[in-house]
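For reference, the structure discussed in these notes is given below.
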Amino acid sequence: MQIETKPKILNRLSRIEGQVRGIARMVADDRYCIDLLTQLQAVRAAVHRVETEVLRDHLDHCVMGTMTGDDLEDRKAKAAELIELLARAGR
């Protein structure tokens with residue numbers, strides 16, 4: 001992970017952690033289900049944004065460096081890694 005990306009990711013994850021703790025309090029307080037579901041959707045969206053940022057960083061830093069390099073086996077491995085990642089995401 002690139003050094004400038006790491007603090008942003010950690011900050012977002014910290015906020016998500018706070019959101020999840022808030023949801024746990026809502027459950028303990030027997031809050032209305034729709035309110036819980038709304039907050040769960042917000043957490044899911046926030047996690048998706050973190051995932052997108054990590055993927056972007058990976059593509060910019062790890063994949064592009066490999067794809068512009070001379071090691072054919074390394075390029076094939078990175079491509080296979082991305083294909084597997086996309087396959088898992090589609091499940």
Side-chain angles (χ1 to χ4, degrees):
M1 182 169 294
Q2 294 186 60
I3 197 135
E4 61 273 2
T5 306
K6 193 174 188 177
K8 286 193 318 187
I9 297 298
L10 290 171
N11 185 37
R12 286 180 185 223
L13 289 171
S14 180
R15 285 195 310 250
I16 291 168
E17 183 181 17
Q19 284 179 291
V20 171
R21 280 194 307 269
I23 292 169
R25 283 190 302 273
M26 290 174 73
V27 170
D29 294 343
D30 293 322
R31 294 281 298 270
Y32 186 53
C33 294
I34 294 299
D35 294 339
L36 286 167
L37 291 167
T38 300
Q39 290 306 310
L40 288 166
Q41 287 173 338
V43 167
R44 188 178 316 117
V47 169
H48 179 73
R49 285 190 298 273
V50 169
E51 180 183 11
T52 299
E53 189 64 35
V54 171
L55 178 58
R56 180 178 291 119
D57 182 80
H58 180 65
L59 289 172
D60 288 346
H61 183 254
C62 301
V63 175
M64 289 306 291
T66 299
M67 293 303 165
T68 58
D70 294 332
D71 189 339
L72 179 61
E73 290 304 312
D74 201 18
R75 289 194 311 249
K76 287 180 181 179
K78 286 290 187 229
E81 189 178 78
L82 287 174
I83 290 168
E84 175 59 28
L85 177 71
L86 293 172
R88 283 195 317 258
R91 293 181 198 151

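None of the values given here were measured: they were computed from a predicted structure.
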* **Residues that Gln39 engages under side chain to side chain donor-acceptor pair (under 3.5 Å), provided they are two or more places apart** => none
* Asked: With sequence neighbours left out, which residue pairs that include part of residues 41-54 fulfil the salt bridge (Lys or Arg N to Asp or Glu O under 4.0 Å) condition?
  -> Lys8-Glu53, Glu53-Arg56
* Asked: With ILVMFWY side chains joined below 4.5 Å, transitively, what does Ile3's cluster contain besides itself?
  -> none
* Asked: Considering residues at least two apart in sequence or located in another chain, which fulfil the side-chain contact (heavy atoms from CB on, under 4.5 Å) criterion with Ile34?
  -> Tyr32, Leu37, Thr38
* Structure fact -> Separation between CG (Asp35) and CE (Met26), nearest 0.5 Å, reads 5.0 Å
* **Set of side chain to side chain donor-acceptor pair (under 3.5 Å) partners for Thr5, sequence neighbours left out** => Asp57
* To do: Please name all residues satisfying salt bridge (Lys or Arg N to Asp or Glu O under 4.0 Å) with Glu4, sequence neighbours left out, ordered by chain then number.
  => none
* To do: Any pair with a residue in residues 9-24 that passes salt bridge (Lys or Arg N to Asp or Glu O under 4.0 Å), sequence neighbours left out, goes on the list, sorted by first then second residue, please.
  => Glu17-Arg21
* To do: Please list, chain by chain and in numerical order, all residues satisfying salt bridge (Lys or Arg N to Asp or Glu O under 4.0 Å) with Arg25, sequence neighbours excluded.
  => none
Sequence neighbours excluded and cut-off under 3.5 Å, please list the side-chain donor-acceptor pairs for residues 59-79, or say none.
{"residue": "Thr66", "atom": "OG1", "partner": "Cys62", "partner atom": "O", "Å": "3.0"}
{"residue": "Thr68", "atom": "OG1", "partner": "Met64", "partner atom": "O", "Å": "2.9"}
{"residue": "Thr68", "atom": "OG1", "partner": "Gly65", "partner atom": "O", "Å": "3.3"}
{"residue": "Asp71", "atom": "OD1", "partner": "Glu73", "partner atom": "N", "Å": "3.1"}
{"residue": "Asp71", "atom": "OD1", "partner": "Asp74", "partner atom": "N", "Å": "3.1"}
{"residue": "Arg75", "atom": "NH1", "partner": "Gly69", "partner atom": "O", "Å": "2.7"}

* Any link between Leu10 and Val54 through a network of hydrophobic side chains (Ile, Leu, Val, Met, Phe, Trp, Tyr) touching at under 4.5 Å? -> no
* Structure fact -> Residues passing the side-chain contact (heavy atoms from CB on, under 4.5 Å) test with Val43, sequence neighbours excluded, are Ile16, Gln19, Val20, Ile23, Val47
* Asked: Which is it for Glu84 and Arg91 under the salt bridge (Lys or Arg N to Asp or Glu O under 4.0 Å) test, yes or no, and what are the steps along the way?
  -> CA-CA 11 Å; Glu84 175 59 28; Arg91 293 181 198 151; 3.6 Å; yes
